[in-house]
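In the text below, chain A, chain B and the rest are named by the order of the sequence lines, each starting its count at 1. Worth saying up front: this structure is predicted, and the values here are computed from it rather than measured.
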Number of protein chains: 2
Amino acid sequence: MVTIGEAARRSGVGIELIRYYERTGVVAGPERSPAGRRQYNADEIHALRFIRRCRDLGFSLAEAKSLLGLASSTGLACGEAQSVGQHHLKGIQKKICDLQQMEAAMVQLMRPCHSGQQDCSMLETLLQGSESDWPPQDRCLNI
Amino acid sequence: MVTIGEAARRSGVGIELIRYYERTGVVAGPERSPAGRRQYNADEIHALRFIRRCRDLGFSLAEAKSLLGLASSTGLACGEAQSVGQHHLKGIQKKICDLQQMEAAMVQLMRPCHSGQQDCSMLETLLQGSESDWPPQDRCLNI
DNA sequence: TCTTGCTCCTGTAGGGGCTATAGCTTGCAA
DNA sequence: TTGCAAGCTATAGCCCCTACAGGAGCAAGA
(Lines give C-alpha, C1' and ligand atoms only; values in the text may rest on other atoms or scores of the structure.)
Protein backbone atom coordinates (compact mmCIF):
# COMPACT_ATOMS: atom_id res chain seq x y z
CA MET A 1 0.00 0.00 0.00
CA VAL A 2 1.68 3.17 -1.21
CA THR A 3 0.81 6.85 -1.50
CA ILE A 4 -0.31 8.52 -4.68
CA GLY A 5 3.14 10.03 -5.14
CA GLU A 6 4.78 6.61 -5.04
CA ALA A 7 2.07 5.19 -7.30
CA ALA A 8 2.79 8.01 -9.75
CA ARG A 9 6.49 7.21 -9.67
CA ARG A 10 5.93 3.48 -10.16
CA SER A 11 3.29 3.77 -12.87
CA GLY A 12 4.67 6.69 -14.78
CA VAL A 13 1.35 8.51 -14.48
CA GLY A 14 1.43 11.96 -12.89
CA ILE A 15 -0.36 12.60 -9.60
CA GLU A 16 -2.86 15.04 -11.07
CA LEU A 17 -3.49 12.66 -13.92
CA ILE A 18 -4.13 9.74 -11.57
CA ARG A 19 -6.72 11.80 -9.74
CA TYR A 20 -8.20 12.84 -13.05
CA TYR A 21 -8.46 9.20 -14.15
CA GLU A 22 -10.20 8.36 -10.89
CA ARG A 23 -12.54 11.34 -11.15
CA THR A 24 -13.55 10.44 -14.67
CA GLY A 25 -13.96 6.75 -13.93
CA VAL A 26 -11.08 5.44 -16.04
CA VAL A 27 -9.78 3.63 -12.96
CA ALA A 28 -11.54 2.90 -9.69
CA GLY A 29 -10.68 4.90 -6.59
CA PRO A 30 -8.32 3.07 -4.21
CA GLU A 31 -8.76 2.58 -0.50
CA ARG A 32 -8.19 5.54 1.76
CA SER A 33 -6.15 5.91 4.92
CA PRO A 34 -7.99 7.11 8.05
CA ALA A 35 -6.80 10.59 7.13
CA GLY A 36 -8.39 10.28 3.69
CA ARG A 37 -5.27 9.65 1.66
CA ARG A 38 -5.31 7.32 -1.32
CA GLN A 39 -3.51 4.03 -0.84
CA TYR A 40 -2.54 1.96 -3.84
CA ASN A 41 -1.87 -1.75 -4.01
CA ALA A 42 0.15 -3.53 -6.70
CA ASP A 43 -2.89 -4.25 -8.88
CA GLU A 44 -3.96 -0.65 -8.93
CA ILE A 45 -0.49 0.49 -9.91
CA HIS A 46 -0.57 -2.19 -12.58
CA ALA A 47 -3.83 -0.79 -13.91
CA LEU A 48 -2.35 2.70 -14.04
CA ARG A 49 0.66 1.41 -15.93
CA PHE A 50 -1.65 -0.45 -18.29
CA ILE A 51 -3.52 2.77 -19.01
CA ARG A 52 -0.28 4.61 -19.56
CA ARG A 53 0.94 1.97 -22.00
CA CYS A 54 -2.31 2.19 -23.92
CA ARG A 55 -2.05 5.97 -24.03
CA ASP A 56 1.58 5.72 -25.17
CA LEU A 57 0.32 3.58 -28.04
CA GLY A 58 -2.20 6.25 -28.89
CA PHE A 59 -5.37 4.57 -27.65
CA SER A 60 -8.03 6.95 -26.41
CA LEU A 61 -8.90 6.85 -22.74
CA ALA A 62 -12.17 5.14 -23.63
CA GLU A 63 -10.30 2.46 -25.55
CA ALA A 64 -7.76 2.10 -22.77
CA LYS A 65 -10.51 1.68 -20.23
CA SER A 66 -12.25 -0.89 -22.39
CA LEU A 67 -9.00 -2.82 -22.89
CA LEU A 68 -8.36 -2.69 -19.16
CA GLY A 69 -11.81 -4.13 -18.61
CA LEU A 70 -11.07 -6.95 -21.04
CA ALA A 71 -7.70 -7.60 -19.48
CA SER A 72 -9.15 -7.62 -15.98
CA SER A 73 -11.90 -10.08 -16.78
CA THR A 74 -11.11 -13.71 -16.13
CA GLY A 75 -9.99 -15.34 -19.34
CA LEU A 76 -8.61 -12.56 -21.45
CA ALA A 77 -11.11 -11.70 -24.16
CA CYS A 78 -8.89 -11.99 -27.18
CA GLY A 79 -11.38 -11.35 -29.95
CA GLU A 80 -12.54 -7.99 -28.69
CA ALA A 81 -9.04 -6.83 -27.89
CA GLN A 82 -7.92 -7.80 -31.38
CA SER A 83 -10.77 -5.83 -32.85
CA VAL A 84 -9.90 -2.72 -30.83
CA GLY A 85 -6.25 -3.18 -31.69
CA GLN A 86 -6.82 -3.69 -35.41
CA HIS A 87 -9.06 -0.66 -35.57
CA HIS A 88 -6.41 1.35 -33.81
CA LEU A 89 -3.63 0.08 -36.04
CA LYS A 90 -5.58 1.19 -39.09
CA GLY A 91 -5.98 4.62 -37.51
CA ILE A 92 -2.25 4.87 -36.94
CA GLN A 93 -1.49 3.85 -40.51
CA LYS A 94 -3.94 6.40 -41.84
CA LYS A 95 -2.29 9.11 -39.79
CA ILE A 96 1.17 8.13 -41.01
CA CYS A 97 -0.06 8.26 -44.58
CA ASP A 98 -1.64 11.68 -44.06
CA LEU A 99 1.47 13.04 -42.41
CA GLN A 100 3.68 11.75 -45.21
CA GLN A 101 1.50 13.64 -47.66
CA MET A 102 1.79 16.67 -45.43
CA GLU A 103 5.56 16.28 -45.38
CA ALA A 104 5.71 16.03 -49.16
CA ALA A 105 3.50 19.11 -49.46
CA MET A 106 5.71 21.04 -47.05
CA VAL A 107 8.91 20.03 -48.84
CA GLN A 108 7.33 20.98 -52.14
CA LEU A 109 6.12 24.21 -50.61
CA MET A 110 9.54 25.27 -49.40
CA ARG A 111 11.71 23.84 -52.14
CA PRO A 112 12.12 26.67 -54.62
CA CYS A 113 12.45 29.38 -52.03
CA HIS A 114 15.77 31.10 -51.83
CA SER A 115 15.75 32.34 -48.30
CA GLY A 116 16.29 36.02 -47.89
CA GLN A 117 14.58 37.11 -51.07
CA GLN A 118 11.50 39.24 -50.99
CA ASP A 119 8.97 37.04 -52.74
CA CYS A 120 8.63 33.79 -50.86
CA SER A 121 7.29 30.97 -52.96
CA MET A 122 6.04 29.25 -49.84
CA LEU A 123 3.66 32.02 -48.92
CA GLU A 124 2.67 32.51 -52.54
CA THR A 125 1.83 28.85 -52.83
CA LEU A 126 -0.26 28.91 -49.70
CA LEU A 127 -2.07 32.00 -50.92
CA GLN A 128 -2.77 30.53 -54.32
CA GLY A 129 -4.68 27.53 -53.00
CA SER A 130 -7.30 26.59 -55.55
CA GLU A 131 -10.90 26.08 -54.63
CA SER A 132 -11.12 22.87 -56.55
CA ASP A 133 -9.27 20.75 -54.00
CA TRP A 134 -12.12 20.85 -51.56
CA PRO A 135 -13.35 18.60 -50.18
CA PRO A 136 -10.06 16.72 -50.39
CA GLN A 137 -10.39 13.19 -51.65
CA ASP A 138 -9.02 10.45 -49.48
CA ARG A 139 -5.68 9.59 -50.99
CA CYS A 140 -4.87 6.90 -48.47
CA LEU A 141 -6.94 4.10 -49.96
CA ASN A 142 -4.12 1.60 -49.79
CA ILE A 143 -4.76 0.84 -46.15
CA MET B 1 -19.88 40.02 -51.11
CA VAL B 2 -21.31 36.70 -50.03
CA THR B 3 -22.95 35.29 -46.92
CA ILE B 4 -21.18 33.23 -44.32
CA GLY B 5 -22.76 30.07 -45.73
CA GLU B 6 -21.33 30.75 -49.16
CA ALA B 7 -17.98 31.71 -47.66
CA ALA B 8 -17.97 28.41 -45.81
CA ARG B 9 -18.68 26.55 -49.02
CA ARG B 10 -15.98 28.39 -50.94
CA SER B 11 -13.31 28.21 -48.27
CA GLY B 12 -13.98 24.74 -46.94
CA VAL B 13 -14.25 26.12 -43.40
CA GLY B 14 -17.48 25.39 -41.55
CA ILE B 15 -19.79 28.22 -40.53
CA GLU B 16 -19.35 27.70 -36.80
CA LEU B 17 -15.61 27.48 -37.33
CA ILE B 18 -15.52 30.74 -39.27
CA ARG B 19 -17.33 32.48 -36.43
CA TYR B 20 -14.95 30.83 -33.98
CA TYR B 21 -11.92 32.09 -35.95
CA GLU B 22 -13.38 35.57 -35.93
CA ARG B 23 -14.20 35.44 -32.23
CA THR B 24 -10.68 34.31 -31.34
CA GLY B 25 -9.01 36.81 -33.61
CA VAL B 26 -7.53 34.36 -36.10
CA VAL B 27 -9.19 36.32 -38.88
CA ALA B 28 -10.71 39.79 -38.80
CA GLY B 29 -14.46 40.21 -38.78
CA PRO B 30 -15.90 41.13 -42.19
CA GLU B 31 -18.31 43.92 -43.00
CA ARG B 32 -21.91 43.54 -41.95
CA SER B 33 -25.11 44.09 -43.84
CA PRO B 34 -27.60 46.61 -42.39
CA ALA B 35 -29.28 43.66 -40.72
CA GLY B 36 -26.03 42.61 -39.07
CA ARG B 37 -25.10 39.71 -41.32
CA ARG B 38 -21.51 39.00 -42.19
CA GLN B 39 -20.50 39.76 -45.76
CA TYR B 40 -17.32 38.30 -47.18
CA ASN B 41 -15.25 39.58 -50.07
CA ALA B 42 -12.79 37.53 -52.10
CA ASP B 43 -9.81 38.42 -49.91
CA GLU B 44 -11.55 37.29 -46.77
CA ILE B 45 -12.50 33.99 -48.33
CA HIS B 46 -8.91 33.70 -49.44
CA ALA B 47 -7.75 34.21 -45.88
CA LEU B 48 -10.11 31.50 -44.65
CA ARG B 49 -8.85 29.12 -47.28
CA PHE B 50 -5.29 29.99 -46.31
CA ILE B 51 -6.04 29.14 -42.71
CA ARG B 52 -7.65 25.88 -43.73
CA ARG B 53 -4.65 24.92 -45.82
CA CYS B 54 -2.35 25.67 -42.94
CA ARG B 55 -4.51 23.57 -40.61
CA ASP B 56 -4.58 20.76 -43.17
CA LEU B 57 -0.82 20.82 -43.09
CA GLY B 58 -0.92 20.55 -39.33
CA PHE B 59 0.00 24.11 -38.39
CA SER B 60 -1.49 25.35 -35.13
CA LEU B 61 -3.94 28.22 -35.35
CA ALA B 62 -1.27 30.51 -33.90
CA GLU B 63 1.17 29.45 -36.62
CA ALA B 64 -1.50 29.77 -39.28
CA LYS B 65 -2.36 33.26 -38.10
CA SER B 66 1.28 34.22 -38.06
CA LEU B 67 1.78 32.87 -41.59
CA LEU B 68 -1.31 34.73 -42.72
CA GLY B 69 0.14 37.88 -41.24
CA LEU B 70 3.39 37.34 -43.13
CA ALA B 71 1.59 36.51 -46.34
CA SER B 72 -0.64 39.55 -46.09
CA SER B 73 2.14 42.02 -45.49
CA THR B 74 3.51 43.78 -48.53
CA GLY B 75 6.67 42.09 -49.74
CA LEU B 76 6.35 38.56 -48.53
CA ALA B 77 8.61 38.05 -45.55
CA CYS B 78 10.39 34.98 -46.75
CA GLY B 79 12.87 34.50 -43.95
CA GLU B 80 10.28 34.31 -41.23
CA ALA B 81 7.97 32.09 -43.24
CA GLN B 82 10.87 29.75 -43.98
CA SER B 83 11.66 29.57 -40.31
CA VAL B 84 8.08 28.77 -39.37
CA GLY B 85 7.91 26.26 -42.20
CA GLN B 86 11.16 24.53 -41.30
CA HIS B 87 10.10 24.29 -37.71
CA HIS B 88 6.83 22.78 -38.79
CA LEU B 89 8.45 20.34 -41.19
CA LYS B 90 10.54 19.02 -38.32
CA GLY B 91 7.39 18.64 -36.28
CA ILE B 92 5.75 16.62 -39.04
CA GLN B 93 8.77 14.37 -39.35
CA LYS B 94 8.83 13.83 -35.62
CA LYS B 95 5.16 12.89 -35.66
CA ILE B 96 5.71 10.43 -38.50
CA CYS B 97 8.59 8.89 -36.61
CA ASP B 98 6.54 8.59 -33.43
CA LEU B 99 3.62 7.06 -35.28
CA GLN B 100 5.86 4.57 -37.05
CA GLN B 101 7.17 3.45 -33.68
CA MET B 102 3.60 3.17 -32.47
CA GLU B 103 2.72 1.13 -35.52
CA ALA B 104 5.66 -1.19 -34.99
CA ALA B 105 4.70 -1.60 -31.35
CA MET B 106 1.09 -2.33 -32.26
CA VAL B 107 2.10 -4.89 -34.89
CA GLN B 108 4.45 -6.49 -32.40
CA LEU B 109 1.70 -6.41 -29.78
CA MET B 110 -0.84 -8.20 -31.95
CA ARG B 111 1.47 -10.48 -33.92
CA PRO B 112 1.47 -13.73 -31.96
CA CYS B 113 -2.20 -13.61 -31.07
CA HIS B 114 -4.33 -16.35 -32.56
CA SER B 115 -7.73 -14.72 -32.50
CA GLY B 116 -10.42 -16.62 -30.72
CA GLN B 117 -8.25 -18.21 -28.06
CA GLN B 118 -8.76 -17.41 -24.44
CA ASP B 119 -5.39 -16.00 -23.48
CA CYS B 120 -4.66 -12.98 -25.59
CA SER B 121 -1.01 -12.14 -25.92
CA MET B 122 -1.90 -8.56 -26.68
CA LEU B 123 -3.55 -7.96 -23.34
CA GLU B 124 -0.89 -9.98 -21.59
CA THR B 125 1.81 -7.88 -23.15
CA LEU B 126 0.07 -4.70 -22.07
CA LEU B 127 -0.34 -6.10 -18.58
CA GLN B 128 3.25 -7.21 -18.25
CA GLY B 129 4.77 -3.78 -18.78
CA SER B 130 7.96 -3.51 -16.78
CA GLU B 131 8.61 -0.52 -14.60
CA SER B 132 12.05 0.00 -16.04
CA ASP B 133 10.88 1.58 -19.29
CA TRP B 134 9.89 4.77 -17.61
CA PRO B 135 10.57 7.48 -18.40
CA PRO B 136 10.87 6.45 -22.05
CA GLN B 137 13.88 7.79 -23.87
CA ASP B 138 13.33 9.76 -27.03
CA ARG B 139 14.03 7.38 -29.87
CA CYS B 140 13.52 9.92 -32.64
CA LEU B 141 16.90 11.61 -32.50
CA ASN B 142 17.58 11.21 -36.18
CA ILE B 143 15.58 14.28 -37.09
C1' DT C 1 7.41 21.21 21.57
C1' DC C 2 7.45 23.87 17.75
C1' DT C 3 8.54 24.86 13.23
C1' DT C 4 9.82 23.81 8.64
C1' DG C 5 8.91 21.78 4.44
C1' DC C 6 7.09 18.25 1.92
C1' DT C 7 3.16 15.65 0.39
C1' DC C 8 -1.49 15.17 0.03
C1' DC C 9 -6.52 16.73 -0.28
C1' DT C 10 -10.65 19.05 -2.90
C1' DG C 11 -12.41 22.12 -6.10
C1' DT C 12 -12.08 24.87 -9.88
C1' DA C 13 -10.28 27.15 -14.09
C1' DG C 14 -7.68 27.09 -18.20
C1' DG C 15 -5.69 25.35 -22.60
C1' DG C 16 -6.40 24.10 -27.83
C1' DG C 17 -9.54 23.51 -31.49
C1' DC C 18 -13.42 22.76 -32.37
C1' DT C 19 -18.82 21.29 -32.26
C1' DA C 20 -23.47 21.69 -30.87
C1' DT C 21 -27.29 23.63 -28.53
C1' DA C 22 -31.01 27.19 -27.55
C1' DG C 23 -33.63 30.85 -28.74
C1' DC C 24 -33.93 34.51 -31.51
C1' DT C 25 -34.17 37.45 -36.25
C1' DT C 26 -33.91 37.92 -41.27
C1' DG C 27 -34.57 36.76 -46.14
C1' DC C 28 -36.77 34.69 -49.82
C1' DA C 29 -39.84 31.80 -52.57
C1' DA C 30 -44.39 29.64 -53.18
C1' DT D 1 -48.92 35.43 -46.12
C1' DT D 2 -46.95 31.77 -44.70
C1' DG D 3 -43.29 28.74 -44.02
C1' DC D 4 -38.78 27.44 -43.94
C1' DA D 5 -33.87 28.06 -44.53
C1' DA D 6 -30.19 30.60 -43.05
C1' DG D 7 -28.33 33.84 -40.23
C1' DC D 8 -27.39 35.90 -35.37
C1' DT D 9 -25.47 35.64 -30.23
C1' DA D 10 -24.34 33.30 -26.17
C1' DT D 11 -23.20 29.41 -23.91
C1' DA D 12 -21.87 24.70 -22.92
C1' DG D 13 -19.72 20.55 -24.17
C1' DC D 14 -15.99 17.55 -26.10
C1' DC D 15 -11.01 15.31 -25.09
C1' DC D 16 -7.11 15.04 -22.24
C1' DC D 17 -4.92 16.95 -19.49
C1' DT D 18 -2.41 20.88 -16.44
C1' DA D 19 -2.23 24.19 -12.98
C1' DC D 20 -3.65 26.74 -9.25
C1' DA D 21 -5.75 28.07 -4.60
C1' DG D 22 -6.33 27.07 -0.08
C1' DG D 23 -6.32 23.90 3.03
C1' DA D 24 -4.72 19.37 6.06
C1' DG D 25 -1.39 15.68 7.37
C1' DC D 26 3.11 14.04 8.50
C1' DA D 27 8.09 13.32 9.45
C1' DA D 28 12.40 15.34 10.89
C1' DG D 29 15.31 18.82 12.91
C1' DA D 30 16.11 22.87 16.30
For the side chain of [X] and the backbone of [Y], is there at least one donor-acceptor N/O pair under 3.5 Å apart?
{"X": "A:T24", "Y": "A:Y20", "value": "yes"}
{"X": "A:R49", "Y": "A:R10", "value": "yes"}
{"X": "A:K65", "Y": "A:I51", "value": "no"}
{"X": "A:E6", "Y": "A:T3", "value": "no"}

Does C:dC8 have OP1 or OP2 under 4.0 Å away from a side-chain N or O of A:T3? yes
Can you tell if the side chain of A:V2 reaches within under 4.5 Å of the side chain of A:I45, non-hydrogen atoms only? yes
So do B:E44 and B:L48 actually touch side chain to side chain, heavy atoms under 4.5 Å? no
How would nucleotides 8-22 of chain D be written as a contact map, 5' to 3', with B for base contact, S for sugar-phosphate-only contact and - for no contact, using protein heavy atoms under 4.0 Å? SB------BB-BB--
Roughly how many Å is it from CD1 in B:I51 to P in C:dC18, rounded to a whole number?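 Computing the B:I51:CD1 to C:dC18:P distance gives 10 Å.
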Tell me: CZ of B:R9 to P of D:dA5, nearest whole Å?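 About 14 Å, once rounded to whole Å.
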Roughly what angle, to 10°, lies between the helix axis at the start of the helix from C:dT1-D:dA30 to C:dA30-D:dT1 and the one at its end, five pairs per end?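 The helix from C:dT1-D:dA30 to C:dA30-D:dT1 shows an end-to-end axis angle of 20°.
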Atom of A:S11, atom of A:I18 and distance for their closest heavy-atom approach: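 Heavy atoms of A:S11 and A:I18 come nearest at OG-CD1, 4.4 Å.
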All pairs passing salt bridge (charged side-chain N to carboxylate O under 4.0 Å, His left out) where residues 33-42 of chain B contributes a residue, at least two apart: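 Counting only pairs at least two positions apart or across chains, the salt bridge (charged side-chain N to carboxylate O under 4.0 Å, His left out) contacts touching residues 33-42 of chain B are B:E22-B:R38.
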